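Remarks on the structure that follows.
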Amino acid sequence: MGINKVLYRLKEYETVTGVVLSTDSVAQLRRGFGAVLTLRPGPGETWDITASSYVGCIELSDAIFHIRPKLAVGTLWEWLTWAYDISSLRFRPPVTSVDELTGNSEWLVLFFIKECFTIWRKGLRTEYEQQEQTLDKIRGQLRVAPTLQRWMKQEYRFVCTYDEPTRQGKENKLLYAGMRHMAQKRYRNGEIRRELERLLRLFESVEKGQMDTPALPVSASEQVAELARIRITRLNRQYVQALSLLALYWKMTEFSMYEGNVLCDSFILDMNELFERYIARRLAEELRVHGIEVQAQPLHWLAEANRLRIIPDLILKNRSGREVVLDAKYKVRGGRSGNPDVYQMLAYMTARSTSSGILLYVAGAERVDKIRNTDKKIYQWSLGVDEWTDRKSQDERFERIIQHIVSMLEE
């Protein structure tokens, strides 16, 4: 007999009241989703639950929480495709509503499946793996007996090292690990599971049914780290889109957990991180033609003897070495609320010994502050999300920012 789960809908930073949850669900939310939802006791045995800057869907044994973004679906899709470099989908949104985009992972899994089948049709990448065997196990035309007869009454043991072609490379193993994880989830579209099972059979047939996975990391964060270590070359360029989709999948399922017989599933996206990745990737691509390098999250120190560690979001550097520090803020700039951000930026600029810093907000009024008794200027700019009307206006706003940055580094 199935359990009827209550669906609670709320937006970023909104609060829903009168929530009834089991003791186990309360414990799971606090332990696994403390950064996503904040619980406070309400009247009777109910709870008031407040969302933070995460969006997506959390499914418990007795309730489902759907946290929707404040952004329009087109804007959110634009950020996703830039942040995860899914260029093939940049101008082809697969969904028409925010609920469809953040409600579950089905659209993402479908596109991943499509890319994996494309890779299979083109042929999985083959690489060479070093093998070591004793002489009697080597395949080929080596004539062992005549050779050994030369050393009568003596025993020799030879070990041979050689390169063996294999398709069990890291790219294929990571795709396979993603398929296995996806196949364990529930989908409304029954075709998804059938296609995943078909893909798994194809990949398992690669090396006589022995597609190894034990050596790979098992947590979502470790999978993301492994994906980041893959260097894209001309030999594995056909994997780019599938690996990008897989990275997004692992990022959005980081909070998933299984405890006993109770499934606690999730599809969650950190909007702060998404905004930072979007800004970093788009700036890197559009500033490259101007000879400006974008360094993401460089480690630096504010105090001597490597004390007071700081990590600015981005360092923009031209060919002569001149720098501008940029920090992306997923919030609306307003009034005095930006003062802590200015102090943070001032610390970054002091540590990097640069005179220009940019605080880039999602929306809000813009201003420039000249810091007294110094040569430093802090530019508080807005992406103007609240003013966008279509893709053209988005691109025009970003182009204006690009031109300002180029001008600053040419002064």
Side-chain angles (χ1 to χ4, degrees), residues 2-80 83 93-111 185-189 192 220 248-249 251-259 262-275 278 330-332 362-363 385-386 388:
I3 299 176
N4 291 325
K5 300 182 181 182
V6 181
L7 174 62
Y8 297 97
R9 296 180 183 273
L10 63 166
K11 283 189 176 182
E12 299 172 74
Y13 300 106
E14 281 188 353
T15 300
V16 61
T17 60
V19 178
V20 179
L21 295 172
S22 67
T23 303
D24 287 342
S25 291
V26 170
Q28 286 184 347
L29 281 180
R30 283 179 165 168
R31 181 169 55 252
F33 299 90
V36 182
L37 297 172
T38 301
L39 284 73
R40 292 187 303 275
E45 296 183 354
T46 65
W47 297 91
D48 296 341
I49 297 182
T50 303
S52 61
S53 61
Y54 292 81
V55 301
C57 192
I58 300 172
E59 184 174 352
L60 305 173
S61 61
D62 55 353
I64 300 174
F65 293 92
H66 186 190
I67 312 163
R68 293 171 292 171
K70 294 183 177 181
L71 299 174
V73 64
T75 301
L76 182 57
W77 181 250
E78 175 87 350
W79 289 11
L80 279 172
V95 294
T96 57
S97 70
V98 169
D99 282 1
E100 190 179 357
L101 180 59
T102 58
N104 60 65
S105 60
E106 291 195 7
W107 63 269
L108 180 54
V109 175
L110 282 168
F111 275 94
K185 298 172 73 70
R186 300 187 300 271
Y187 301 100
R188 292 193 295 267
N189 182 350
I192 294 177
L248 176 57
Y249 172 82
K251 288 296 295 183
M252 296 187 76
T253 55
E254 266 187 311
F255 290 93
S256 296
M257 62 184 194
Y258 300 83
E259 186 170 334
V262 178
L263 170 65
C264 182
D265 204 6
S266 71
F267 189 62
I268 295 294
L269 186 63
D270 183 349
M271 293 298 294
N272 282 304
E273 182 187 44
L274 175 63
F275 183 59
Y278 164 66
Y330 180 66
K331 57 185 176 181
V332 178
V362 173
V385 171
D386 53 338
W388 290 352

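Keep in mind it's a predicted model, so treat the numbers as computed, not measured.
Expressed to the nearest 0.5 Å, how far CD1 of I67 lies from CE of M271 amounts to 11.5 Å. The line from CG of L29 to CG of D24 is 11.0 Å long, rounded to the nearest 0.5 Å. For the atom pair L248 CG and L80 CG, the distance stands at 5.5 Å (nearest 0.5 Å). Between E106 atom CD and I192 atom CD1 the span is 4.0 Å, to the nearest 0.5 Å. A distance of 8.5 Å separates CG in L108 from OH in Y249, rounded to the nearest 0.5 Å. Residue E14 holds its CD atom at 13.5 Å from CD1 of I49, rounded to the nearest 0.5 Å.
Closest approach of Y187 to S105, counting heavy atoms only: CE2-OG, 4.2 Å. Closest non-hydrogen pair, A35 versus Y54, comes out as O-CE1, 3.3 Å. The two atoms that bring F267 and W107 nearest to each other are CE2-NE1, 4.3 Å, heavy atoms only. Between L71 and V98, the closest heavy-atom pair is O-CG2, 3.7 Å. The heavy-atom pair separating E12 from P69 by the smallest distance is OE2-CA, 3.2 Å.
Checking side-chain atoms of K70 against main-chain N and O of K11 turns up no donor-acceptor pair under 3.5 Å. Of the possible donor and acceptor atoms, none in the side chain of S52 sits under 3.5 Å from a partner among the backbone N and O of L37. D62 places a side-chain N or O within 3.5 Å of a backbone atom of S22 that can act as its donor or acceptor partner. Judged purely by atom type and a 3.5 angstrom limit, S97 uses its side chain to pair as donor or acceptor with the backbone of E100.
With F65 as the fixed residue, the side-chain contact (heavy atoms from CB on, under 4.5 Å) test singles out one of I268, V19, V36: V19. Between R40 and the choices T17, T50, D48, the side chain to side chain donor-acceptor pair (under 3.5 Å) rule is met once, by T50.
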For K185 and V109, run side-chain contact (heavy atoms from CB on, under 4.5 Å): C-alpha distance rounded to whole Å, both residues' side-chain angles, the deciding distance at 0.1 Å, then the answer. CA-CA 11 Å; K185 298 172 73 70; V109 175; 6.0 Å; no

Quick one, F33 with I58, criterion side-chain contact (heavy atoms from CB on, under 4.5 Å). Give me CA distance, side-chain angles, the key distance, then yes/no. CA-CA 9 Å; F33 299 90; I58 300 172; 3.5 Å; yes

List the steps, then state whether side-chain contact (heavy atoms from CB on, under 4.5 Å) holds for T102 with C57. CA-CA 7 Å; T102 58; C57 192; over 6 Å; no

Set out, in order, the CA-CA distance, both residues' side-chain angles and the distance that settles side-chain contact (heavy atoms from CB on, under 4.5 Å) for L274 and V55, then state yes or no. CA-CA 11 Å; L274 175 63; V55 301; over 6 Å; no

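For the pair K5 and L60, the minimum side-chain heavy-atom distance is 4.5 Å or more. W79 places none of its side-chain heavy atoms less than 4.5 Å from the side chain of L269.
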